[in-house]
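One structure is given below, encoded as structure tokens.
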Amino acid sequence: NQDHDLLYNLVKGVIKMKRNLDYIAGSYASGQKYEETPLKIKILLYLALYQLLYCDSIPEYAAVNESVEMANKLYGDKIGGFINAVLRTHLRQQSVTYPADPVEKLASIYSFPSELIDIWMENWGYYDTEKICQYFNRVPLLNLRVNRFATDCDRLIQYFSRRGLKLDHSPISENILVTDQAREVL
């Protein structure tokens, strides 16, 4: 079950943050060489970088070691060395210089299309556009509407609490409970 959750998180995260991961990987690899790198090898880099950047529960050495071993096994030592070099460079530097252009900067950091960022910037400016990007990159809470004919909010909170799950009252409606433990609740 934990392996399934991790796989789901990695796949979903890499898809969502692909532009950011690609930008970071490209900044640590030589330009033309990286551009010509096959997608299947870039995906290994994306998976490893996603773990390093967004998965606090995975130790850095494990993310690097597993990715390099997988690259060695699937594509040979040369590719494994390339993956290792990019990841080790990221761990040493851990700072990325994003484009100076505000639209490209936000698009690269938050993995949104430049065209969308451009529209948002025209309407709301840089600060609010960045807040919008942050909002859409958050993991959403699960909202549960309570059937008040069958039970009430406090009973449901107690029911899930006995099972080690935390639900809270929603600020939006007295008939809604929210939780960040969606998988466990469902």
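Here the structure is a predicted model, which is why all the values come from computation and not from measurement.
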Please evaluate residues L156 and V146 with respect to the criterion side-chain contact (heavy atoms from CB on, under 4.5 Å), reporting the C-alpha separation (whole Å), side-chain torsions for both, the decisive distance (0.1 Å), and the verdict.
CA-CA 8 Å; L156 275 178; V146 178; 3.8 Å; yes
Test log, rule side-chain contact (heavy atoms from CB on, under 4.5 Å), inputs L45 and L87
CA-CA 8 Å; L45 278 172; L87 297 177; 4.2 Å; yes
Can you check side-chain contact (heavy atoms from CB on, under 4.5 Å) on W120 and V103, steps first, answer last?
CA-CA 9 Å; W120 288 349; V103 170; over 6 Å; no
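The shortest side-chain heavy-atom distance between L6 and L10 falls under the 4.5 Å cut-off. Between E69 and N84, the closest side-chain pair of non-hydrogen atoms is not below 4.5 Å. Considering only heavy atoms from C-beta on, M17 stays 4.5 Å or farther from Y46 through its side chain.
Here N72 contributes atom CG and D77 contributes atom CG; the two are 4.5 Å apart, rounded to the nearest 0.5 Å.
The two residues R19 and S111 come nearest to each other via the heavy atoms N-OG, 3.4 Å.
In this structure, the side chain of E130 does not engage the main chain of L106 through any donor-acceptor pair within 3.5 Å. For R145 (side chain) and N175 (main-chain N/O), no donor-acceptor pair under 3.5 Å exists by modelled atom type. Listed for the S161 side chain is no donor-acceptor partner under 3.5 Å among the backbone atoms of Q158. Formation of a donor-acceptor pair under 3.5 Å by the T37 side chain with backbone atoms of K42 is not found in this model. The main-chain N or O of Y61 is never found under 3.5 Å from a side-chain atom of N65 such that the two would form a donor-acceptor pair.
Here R163 does not pair with E184 in a salt bridge; the nearest charged N to carboxylate O distance is not below 4.0 Å.
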Pairs under 3.5 angstrom only: tabulate donor-acceptor contacts from the side chains of residues 48-57 to other protein residues two or more places apart or in another chain.
residue: Q51; atom: NE2; partner: L47; partner atom: O; Å: 3.2
residue: Y54; atom: OH; partner: N20; partner atom: OD1; Å: 3.1

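Clustering ILVMFWY residues whenever any of their side-chain heavy atoms sit less than 4.5 angstrom apart, transitively, puts Y135 in the very cluster that holds F112. Cluster annotation: L165 is not connected to V139 through the hydrophobic network of ILVMFWY side chains, with a link wherever side-chain heavy atoms come within less than 4.5 Å. By the criterion of side-chain heavy atoms lying less than 4.5 angstrom apart, applied directly or through intervening Ile, Leu, Val, Met, Phe, Trp or Tyr residues, F82 is grouped together with L74 in one hydrophobic cluster.
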